[in-house]
**Student:** 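Would you mind keeping the following structure in view while I ask a few things?
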Amino acid sequence: MRKKGKFFVNLYFQAIKMMEKILLALVFICIYMPVSSQTGPGGCGSSANNVLWLDANKGVTLVGGGVDLWNDQSGNGNNATPNGAAARPTFVSGAVNGFPAFDFDGTNDELWVPDAATLDVTQWHIFIVVKPDLLKNYNAWFVKGTDGQENFEMLSYSDGNIHSPTYYTDGTRTFPSSAASQVNTTTFEIIEYSYSAAVGRDIWKNNGAAAITTDNENKTPANNNNPVYIGNELGSTGRFANGDYAEIIMYNTPLNAAQKVIVNNYLAAKYNRALGVNDVYAGDNAGPGDFDYNVAGIGQSAAGSTNNSFSTSASAGLGITYVSGFDNGDYVLAGHKLVTNSTISTDIGVVSGGPLQHRWSRIWYIDVTNTSTSMLTNVVFDMSDGGSSATPGTASNYKLLYRATNSGNWTIVSTASSVAGDQITFSNVSFSGNTEDGYYTIGTLNTGASPLPIELTAFNAYLNVDEVDIAWTTLAEINNDYFSIERSKDGELWAEIARVKGAGNSNQQLDYFEVDNAPLKGTSYYRLKQIDFDGKFSHSKIVVVKNGNVSFNGDITPFPNPGDGNSFNLEFTGFSNEEVLIVVRDIQGRSYFSKVYVVNEHSNVVAVLLDQQLAAGTYLVVASTEDNLVSKRIVVK
C-alpha cells in the first residue's frame, strides 16, 4: 500500500467539493410540537398517521429496468412488490419535471402492498400523482378490496372522470364519479381523496377551489384482509391501469386545511403543477430558480387550523417550528434544488459581520405569506438530515444567512442560540413580512472552533497501464478514522477494495494515494467513503475509469446551450434500457457533478440539476456506460 504523504502525480484533480460536515442543532421543544415529529410529506404528519408514502424517486429496486420493490417512506414498512416478474412496471427516469415515474402497461403490471393493520382504515386522506397513457374504463389506480366490497378505491374512466366507491359496514355501497376530463394522457395530475364519516367524501384535482366529487355519507367503511393493489383491482378483469405513477401518499385521517395546503404545495413544486387555490410557494417557479425539492412548511389556514412545525428530515436538513404570531392565511414554506449537499468556501461574501470561512452549498428558498403579525420561529439545521455527520462546535460561530436574490453578498440574519447533537438552532427568527421571501442557508465564521470533519478538495482515479491510480487531497480533518475506496461495475452495487488510515485531526493539506492492482475490464466506477471514529460516514462524488478499448454508438445533446450554470436538459439518442453515468467537468478535468441515470426509449430526455452554480466558462458533459463513452461541450454564460 502506498499511503498518505506529499506526492506529485500527473492528474487533474476534481474541483473543490468539501464534504459537508458543518453543524447543527438542538431539538427545540416549543409550546406546540417538536420539530422532529412532523416527518411526513411537506412536513405534515408522522408515521403514526402517514401510513403509506411511495415515491418513485426513493427506495426503488430495479431488475432489468422493471420495479421489483417500492419501499414505503412513511416508516410503517408497507412496501410494494410486483405479482411476479411479468408484473413489474417500467422505471422511467426524468418522467415529470426531472423526477422519475413508473409506467404500468395496462396488460399485467401491478404492485401489491400486503394487508396490514395500518392500512385497515375507516377514514383517510390519499394523494396520488398519475398520468394515464390510455383513457379507458377501469384504470384501477389504488384499490383495497374486490369490486363491490372496496375499503377504498380510486380509478378513472374513458372520459377522464374519477371514480371512488366504498363499501360500508351496513352492507351498502356508494360510488360517486366526478365530471369528465379530470385526467388526460399528457399531464400528471395531483388527485386527492379525503373521507370521514363526519364529513363524507371529497375528491380534488390540483387543490382546486371546489371538490370535483363529494358525498355526505355518515357511515363506517368496512375493512378487509386484502392487499392494496396499485395498478389493478383484486378479482376483476380488464382493470389493469395503463399509465404512470410518480407518488402515492396515504394518511389514516383527513388532513386539516393548513396541512392540505402544504402537501399540495409540496407536490405541485415537485411535479410542476399549477394549484387551483392556495399556491403559497413561489420558489418552484423559473424566476426564483426552480427550488422544487423537499418543499415543506408551517402555516395557519383561513379557517384557523395549523401545521406548527416540520422536521429537518422533511426538507433535507432544514426545519422550522412556530413560536408565535400566526394569523389566518399565514404560511412559511421552504424548498431547495440540490440533490447532494456539501460545505463550500466560495460565494461566502457577507454585507457585514464576517468573514465567513464556509457555508452549506444547499440553499433553501423560503416563501413567506404574512397577513399581519410578525411570525416568530425556531430555525434548525440538522447535519445528518442534510446528508452528512459531524460534531458541531461553538454556537456563536454559526450564522443564518439570507439574500433576496440568487447571487451576491449574504446578510447575517441571526446567530445560533444553541448546539446539541448534530443540530444547530436559531431561536426566535422573525418573518415579519412578505419581503423576506428569498434564499437562506447556514455558514460558519470559524472552522477551527466550529469544524468540519474533513474538507476533501480533490478525488480522482485514472488508468495507468494495467492499474488504476487513485488519489485524493484533504485540507482539514476532524475525527477522521479512515477512508474506504469503493468500486462498482454498474454504479449501484459497491465493494470496498482498499482501506487507508486517516489523520484523525489535521489542519494542513494531506495528499493520499492508493492503487487498484486488479481493475475490472471495461468501465468501472470509483468513490471514496470517509468514516469518523464514531462510525458516521459520507461519500465523495463518483469518478469513472475505462479499461480497454471504448467505442460509442449513442450520443448526447445538452440544451439549452449556452446555459445558466444551474441546470440543463440532456437528450440521449442510441440508448436502450441502459444505466448512464453523467459527469460534468471543466476543461481542467475538475468534476462538479456526477449521477447515474436509467435511460430507455421512453425517457430519452432528463433534467440535470447541478450541485452548485457553475461559473461562466466552458464545461464537458461526459456520458459513460459499461462499454461506451462520449462527451459534449456546454457553455455557461
Side-chain angles (χ1 to χ4, degrees), residues 35 38-45 53 55 57-58 73 96-99 127 129 188 190 206-207 246-247 249 258-275 278-299 307 309-322 330-341 359-370 375 377 379-382 385-387 400-406 429 431 434 436-442 566-567 607 609-613:
V35 169
Q38 302 299 299
T39 57
C44 294
W53 183 7
D55 181 347
N57 197 47
K58 297 178 181 177
Q73 303 299 309
V96 50
N97 199 33
F99 291 94
F127 298 81
V129 182
F188 281 84
I190 304 166
N206 302 327
N207 201 33
E247 195 154 341
I249 299 165
Q259 293 170 326
K260 171 178 160 61
V261 168
I262 292 168
V263 174
N264 270 288
N265 276 266
Y266 153 76
L267 292 171
K270 189 172 181 179
Y271 300 114
N272 193 29
R273 298 305 301 134
L275 296 180
N278 291 315
D279 189 340
V280 294
Y281 179 69
D284 58 334
N285 297 328
D290 293 316
F291 283 65
D292 299 340
Y293 287 15
N294 298 108
V295 172
I298 62 172
N307 193 66
S309 68
F310 66 85
S311 168
T312 53
S313 67
S315 196
L318 170 70
I320 299 178
T321 299
Y322 165 71
D330 284 354
Y331 290 92
V332 179
L333 273 76
H336 68 90
K337 64 183 300 181
L338 290 186
V339 176
T340 59
N341 194 13
R359 70 165 176 86
W360 270 13
S361 62
R362 181 171 289 151
I363 299 168
W364 285 262
Y365 186 89
I366 294 183
D367 192 326
V368 180
T369 303
N370 191 338
M375 291 179 281
T377 66
V379 177
V380 179
F381 291 86
D382 183 289
D385 287 334
L400 177 62
L401 307 177
Y402 162 80
R403 61 189 181 196
T405 60
N406 203 6
V429 175
F431 293 105
N434 303 325
E436 290 164 329
D437 292 357
Y439 305 85
Y440 292 78
T441 191
I442 185 170
N566 287 310
S567 64
L609 304 176
L610 297 170
D611 295 345
Q612 57 184 290
Q613 170 75 44

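Sequential numbering from 1 along the given sequence is applied to the chain's residues.
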**Student:** Between atom OG1 of Thr441 and atom CG of Leu318, what is the distance when rounded to the nearest 0.5 Å?
**Tutor:**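 The OG1 atom of Thr441 sits 9.0 Å away from the CG atom of Leu318.
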
**Student:** By side chain to side chain donor-acceptor pair (under 3.5 Å), which residues pair with Ser315, not counting sequence neighbours?
**Tutor:**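 So Ser315 forms a side chain to side chain donor-acceptor pair (under 3.5 Å) with Trp364.
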
**Student:** I need the Ile363 CD1 to Asn406 CG distance, nearest 0.5 Å.
**Tutor:**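 Output value for this atom pair is 5.5 Å.
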
**Student:** Which heavy atom in Ser567 sits nearest to a heavy atom in Leu609, and how many Å separate them?
**Tutor:**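 In this case the closest contact between Ser567 and Leu609 is CB-CD2, 3.8 Å.
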
**Student:** Using side-chain contact (heavy atoms from CB on, under 4.5 Å) as the criterion, list what pairs up with Ala282, not counting sequence neighbours.
**Tutor:**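 Ala282 satisfies side-chain contact (heavy atoms from CB on, under 4.5 Å) with Asn285, Asp367 only.
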
**Student:** Please confirm whether the backbone N or O of Cys44 pairs with a side-chain atom of Gln38, one donor and one acceptor, at under 3.5 Å?
**Tutor:**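 Not confirmed, Gln38 side chain does not pair with Cys44 backbone.
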
**Student:** Listed by chain and number, what are the side-chain contact (heavy atoms from CB on, under 4.5 Å) partners of Ala269, not counting sequence neighbours?
**Tutor:**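 Ala269 satisfies side-chain contact (heavy atoms from CB on, under 4.5 Å) with Tyr281, Asp284, Val295 only.
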
**Student:** Which residues satisfy the side-chain contact (heavy atoms from CB on, under 4.5 Å) test with Leu610, sequence neighbours excluded?
**Tutor:**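 So Leu610 forms a side-chain contact (heavy atoms from CB on, under 4.5 Å) with Phe568, Val584, Phe593, Val608, Leu614.
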
**Student:** Mind checking salt bridge (Lys or Arg N to Asp or Glu O under 4.0 Å) for Lys270 and listing every partner two or more places apart, or none if nothing turns up?
**Tutor:**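 Expected list: Asp55, Glu247.
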
**Student:** Only counting residues at least two apart or in another chain, list the ones meeting side chain to side chain donor-acceptor pair (under 3.5 Å) with Asp437.
**Tutor:**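 If we apply the side chain to side chain donor-acceptor pair (under 3.5 Å) test to Asp437, skipping adjacent residues, there are no hits.
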
**Student:** Taking the six-membered ring where the residue is Trp, are the ring centres of Phe431 and Tyr322 under 6.0 Å apart?
**Tutor:**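 When the ring centroids of Phe431 and Tyr322 are compared, they turn out to be at least 6.0 Å apart.
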
**Student:** Testing the basics here: between Gly299 and Ala258, what is the closest heavy-atom pair and its distance to 0.1 Å?
**Tutor:**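 Looking at all heavy atoms of both residues, the shortest contact is O-CB, 3.8 Å.
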
**Student:** Within this structure, what is the CG-OG1 distance for the pair Asp330 and Thr369, rounded to the nearest 0.5 Å?
**Tutor:**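 Taking CG in Asp330 and OG1 in Thr369, the distance rounds to 8.0 Å.
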
**Student:** Any side-chain heavy atom of Met375 within less than 4.5 Å of one from Val368?
**Tutor:**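 Side-chain contact under 4.5 Å: yes.
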
**Student:** Is there a side-chain contact between Asn264 and Ile190 (heavy atoms, below 4.5 Å)?
**Tutor:**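 Yes. Closest side-chain heavy atoms under 4.5 Å.
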
**Student:** Search all heavy atoms of Ile262 against all heavy atoms of Asn307 and return the closest pair with its distance.
**Tutor:**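 Closest approach of Ile262 to Asn307, heavy atoms only: CD1-CB, 3.7 Å.
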
**Student:** Side chains of Asn341 and Trp360, heavy atoms from C-beta outward: is any pair under 4.5 Å?
**Tutor:**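 When only atoms from C-beta onward are counted, Trp360 and Asn341 do touch, with a gap below 4.5 Å.
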
**Student:** Who pairs with Asn265 by side chain to side chain donor-acceptor pair (under 3.5 Å), at least two apart in sequence or on another chain?
**Tutor:**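 Listed in chain order: nothing, the list is empty.
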
**Student:** Output all residues satisfying ring pair (Phe, Tyr, Trp, His ring centres under 6.0 Å) with Tyr365, sequence neighbours left out; order by chain, then residue number.
**Tutor:**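 With sequence neighbours excluded, Tyr365 shows a ring pair (Phe, Tyr, Trp, His ring centres under 6.0 Å) to Tyr439, given in chain and number order.
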
**Student:** Can you check whether Leu338 reaches Ser361 side chain to side chain, under 4.5 Å on heavy atoms?
**Tutor:**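 Side-chain contact under 4.5 Å: yes.
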
**Student:** So how far is it from Tyr271 OH to Asn206 CG, rounded to the nearest 0.5 Å?
**Tutor:**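 Going from OH on Tyr271 over to CG on Asn206, the span is 13.0 Å.
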
**Student:** Would you please name every residue forming a ring pair (Phe, Tyr, Trp, His ring centres under 6.0 Å) with Tyr440, sequence neighbours left out?
**Tutor:**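 Scan of Tyr440 (ring pair (Phe, Tyr, Trp, His ring centres under 6.0 Å), adjacent residues dropped) gives Tyr402.
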
**Student:** With Asn97, which residues qualify under side chain to side chain donor-acceptor pair (under 3.5 Å), at least two apart?
**Tutor:**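 Asp292.
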
**Student:** Looking only at non-hydrogen atoms, find the nearest pair between Ile320 and Val379 and report the distance.
**Tutor:**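 So the minimum-distance heavy-atom pair works out to CG1-CG2, 4.3 Å.
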
**Student:** For the atom pair CG (Asn207) and NZ (Lys260), what is the distance rounded to the nearest 0.5 Å?
**Tutor:**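 If I round to the nearest 0.5 Å, the distance is 4.0 Å.
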
**Student:** Of all heavy-atom pairs between Thr312 and Gly319, which one has the smallest distance, and what is that distance?
**Tutor:**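 Taking every non-hydrogen atom into account, CG2-N, 3.4 Å.
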
**Student:** With sequence neighbours left out, what residues match Asp279 under salt bridge (Lys or Arg N to Asp or Glu O under 4.0 Å)?
**Tutor:**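 Salt bridge (Lys or Arg N to Asp or Glu O under 4.0 Å) check on Asp279 returns nothing, list empty.
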
**Student:** Compare every heavy atom of Pro41 with every heavy atom of Tyr266, then report the nearest pair and how far apart it is.
**Tutor:**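 Reported closest heavy-atom pair: CE2-CB, 3.9 Å.
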
**Student:** Are Val96 and Val129 side-chain neighbours, meaning at least one heavy-atom pair lies under 4.5 Å?
**Tutor:**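 Side-chain contact under 4.5 Å: no.
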
**Student:** Tell me, please, which residues at least two apart from Lys337 pass side-chain contact (heavy atoms from CB on, under 4.5 Å).
**Tutor:**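 Expected list: Phe291, Asn566.
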
**Student:** Can you tell me how far apart CZ (Phe99) and NZ (Lys58) are? Round to the nearest 0.5 Å.
**Tutor:**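 Result: 9.5 Å between the selected atoms.
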
